[in-house]
Amino acid sequence: MELGLVGLGKMGGNMRERIRRAGHTVIGYDRNPDLADVHSLEELVGKLKGPRVVWVMVPAGAATQSTIDELADLLSPGDIVVDGGNSRWTDDEKHAEELAAKGIGFVDCGVSGGVWGLENGYALMYGGDAEHVARVQPIFDALKPEGEFGSVHAGKVGAGHFAKMVHNGIEYAMMQAYAEGWELLEKVDSVTDVREVFRSWQEGTVIRSWLLDLAVNALDEDEHLDQLRGFAQDSGEGRWTVEAAIDNAVPLPAITASLFARFASRQDDSPQMKMIAALRNQFGGHAVESKK
């Protein structure tokens, strides 16, 4: 299968490689010419045989909107656009309507896997009409982890990004719990090796997880996280999760508290946020702030 891929950054570049390893043809475009296979969206569309599938992997908001607007003028009826970035689900509904007016299909896809996805595969949550999803299915199959699980047709347009948003909200709360536990262990005099306590939890406990493994990795690199500033950014999806909870009258105390804790980190040098920052860097390659 042929795929056009727009956006070849930390995620997109590795996704291109994983899809190619599965035997598919990927033509990639990025504003950075050192990463790109072609020099413009127009050239990308021109190199694909119809009916085309173009996967957009750029930052949510204005960048995604401008890319989809340009593709709408370049693509033909019967083509499909996939938004694999972290767009808000309400944007998906608008994009699907705009593209449908030109006979172009739309699928939204939440992607989780970070910098580890090339080797481990990406968890995929996608939304859209069954016929459009079926057209993209070979690419979903190439990207997903090996085995039975790791991908889901979550529902209609917007469902994929809504599911990924909730996933990220849960991620916020899980990281916050590990961070709070780590700070308490570091605080008391009786526990003399916090890193090894965390390591001991990796087997046989109910709180073992990939996030715990990454926490141990971070502590192996910097045992007390002394090199990090206690500051953690939020991607936006935590905010959207809380807003959706308010709209639907669903109580989310743990996720909401974890979001507010990140806001607090911008006012103080929070020990907990050192762990949050370290975890975000471990799984997603997100930037951290070092102590001066």
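Note that the coordinates shown come from a computational prediction; the quantities given were computed from them, not determined experimentally.
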Student: More than 12 heavy atoms of other residues, nucleotides or ligands under 6.0 Å from CZ of R20: is that the case?
Tutor: yes
Student: Kindly give the cluster partners of L184, where membership spreads through any ILVMFWY side chain lying under 4.5 Å from a current member.
Tutor: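 L184 shares its hydrophobic cluster with no other residue.
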Student: Verify the neighbour count for atom CD of E43: are there more than 12 heavy atoms of other residues, nucleotides or ligands below 6.0 Å?
Tutor: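 Check passes, neighbour count above 12.
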Student: Please find the pair of heavy atoms, one from R262 and one from D234, that lie closest to each other, and give the distance.
Tutor: NH1-CA, 3.9 Å
Student: Counting C-beta onward and ignoring hydrogens, is there a side-chain heavy-atom pair between V81 and V56 closer than 4.5 Å?
Tutor: yes
Student: Can you see whether D83 engages S87 through a side-chain donor-acceptor pair at a distance of less than 3.5 angstrom?
Tutor: yes
Student: Indicate the atoms forming the closest heavy-atom contact of M1 with V136, along with that distance.
Tutor: CE-CA, 4.4 Å
Student: On the six-membered ring of Y122, is R18 placed so that its NZ or CZ lies under 6.0 angstrom from the centre and within 45° of the ring axis?
Tutor: no
Student: With E2, which of K49, R52, R135 fulfils salt bridge (charged side-chain N to carboxylate O under 4.0 Å, His left out)?
Tutor: K49
Student: Shared ILVMFWY cluster between F106 and W55, side chains joined below 4.5 angstrom?
Tutor: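 F106 does not cluster with W55.
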Student: Any side-chain to backbone donor/acceptor pair from H153 onto G128? Under 3.5 Å, distance only.
Tutor: yes
Student: State whether E243 and R88 are salt-bridged, where the test is any N-O pair (Lys NZ or Arg NE/NH1/NH2 against Asp/Glu carboxylate O) under 4.0 Å.
Tutor: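 Yes.
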Student: Please lay out, stage by stage, how K164 and N168 fare under the test side-chain hydrogen bond (donor to acceptor under 3.5 Å, both in side chains).
Tutor: CA-CA 6 Å; K164 176 57 163 47; N168 282 22; 3.2 Å; yes
Student: Please state whether the rings of W116 and W210 are parallel, tilted or perpendicular, taking 30° and 60° as the class boundaries.
Tutor: perpendicular
Student: Please give me the minimum heavy-atom distance between S112 and M125, naming the atom from each residue.
Tutor: CB-CE, 4.4 Å
Student: In the single-linkage hydrophobic clustering (I, L, V, M, F, W, Y; side-chain heavy atoms under 4.5 Å), do V216 and L219 co-cluster?
Tutor: yes
Student: Return yes when atom CD of Q202 has more than 12 non-hydrogen atoms of other residues, nucleotides or ligands closer than 6.0 Å, and no otherwise.
Tutor: yes
Student: Give the C-alpha distance, both sets of side-chain angles, the deciding distance and a yes or no for side-chain contact (heavy atoms from CB on, under 4.5 Å) between E186 and L225.
Tutor: CA-CA 11 Å; E186 286 277 339; L225 304 183; over 6 Å; no
Student: Which heavy atom of V194 sits nearest a heavy atom of W182, and at what distance?
Tutor: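 For V194 and W182, the tightest heavy-atom pair comes out as CG1-CD1, 3.6 Å.
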Student: Working to the nearest 0.5 angstrom, can you tell me the gap between R31 CZ and L41 CG?
Tutor: 11.0 Å
Student: Is the shortest side-chain heavy-atom distance between F263 and R239 below 4.5 Å?
Tutor: yes
Student: Do the side chains of R199 and D220 get close enough for a salt bridge, i.e. N-O under 4.0 angstrom?
Tutor: yes
Student: Please tell me if the side chains of Q176 and I255 come closer than 4.5 Å, counting only heavy atoms from C-beta onward.
Tutor: no
Student: Measure the shortest side-chain to side-chain distance between H161 and W240 over non-hydrogen atoms and say whether it is less than 4.5 angstrom.
Tutor: no
Student: Can a donor-acceptor pair be found, under 3.5 Å and without considering hydrogens, that links the side chain of K144 to the backbone of F149?
Tutor: yes
Student: One thing to verify: whether D37 and K47 come together as a salt bridge, which I'm taking to mean a side-chain N less than 4.0 angstrom from a carboxylate O.
Tutor: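 Judged by the 4.0 Å cut-off on N to carboxylate O distance, K47 and D37 do not form a salt bridge.
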Student: Report the distance from atom NE2 of H95 to atom CD1 of I68, rounding to the nearest 0.5 Å.
Tutor: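 Answer rounded to 0.5 Å: 4.0 Å.
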Student: Shared ILVMFWY cluster between V111 and V6, side chains joined below 4.5 angstrom?
Tutor: no
Student: Taking 4.0 angstrom as the limit, do R21 and E119 come out as a salt bridge?
Tutor: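 Looking at R21 and E119, the cut-off is met.
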Student: Can you name the nearest heavy-atom pair linking A277 to A232, along with the distance?
Tutor: N-CB, 4.4 Å
Student: Any side-chain heavy atom of D91 sitting closer than 4.5 Å to one from Q65?
Tutor: no
Student: Do E221 and N217 meet the criterion of a side-chain donor-acceptor pair at a distance under 3.5 Å?
Tutor: no
Student: So I139 and V53, do their side chains get closer than 4.5 Å, heavy atoms only?
Tutor: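 Not in contact.
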Student: Distance alone, cut at 3.5 Å: any donor-acceptor contact between the side chains of T241 and Y172?
Tutor: no
Student: Does F162 have any ring pair (Phe, Tyr, Trp, His ring centres under 6.0 Å) partners at least two apart in sequence or in another chain, and if so, which?
Tutor: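 Here the qualifying residues are W89.
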Student: Hey, quick one: are V58 and V54 part of the same hydrophobic cluster, counting side-chain heavy atoms closer than 4.5 Å, chains of contacts allowed?
Tutor: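 Yes.
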Student: Could you check K102 against D73 for side-chain contact (heavy atoms from CB on, under 4.5 Å), going step by step and ending with a plain yes or no?
Tutor: CA-CA 9 Å; K102 299 193 173 189; D73 291 332; 2.8 Å; yes
Student: Establish whether V166 and M175 are linked, either directly or via other cluster members, by ILVMFWY side-chain heavy-atom contacts under 4.5 Å.
Tutor: yes
Student: For residues M57 and M11, determine if any side-chain heavy atom of one lies less than 4.5 Å from a side-chain heavy atom of the other.
Tutor: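 The answer is yes; the side chains approach within 4.5 Å.
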Student: Ignoring hydrogens and angles, tell me if any N or O in the side chain of D108 forms a donor-acceptor pair with the backbone of V157 under 3.5 Å.
Tutor: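 Absent.
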Student: Heavy atoms only: give me the nearest R208-G204 pair and the separation to one decimal.
Tutor: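 R208 and G204 have their closest heavy atoms at NH1-C, 3.6 Å.
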Student: For a 4.5 angstrom cut-off between non-hydrogen side-chain atoms, does L8 reach N32?
Tutor: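 When only atoms from C-beta onward are counted, N32 and L8 do not touch, as no gap falls below 4.5 Å.
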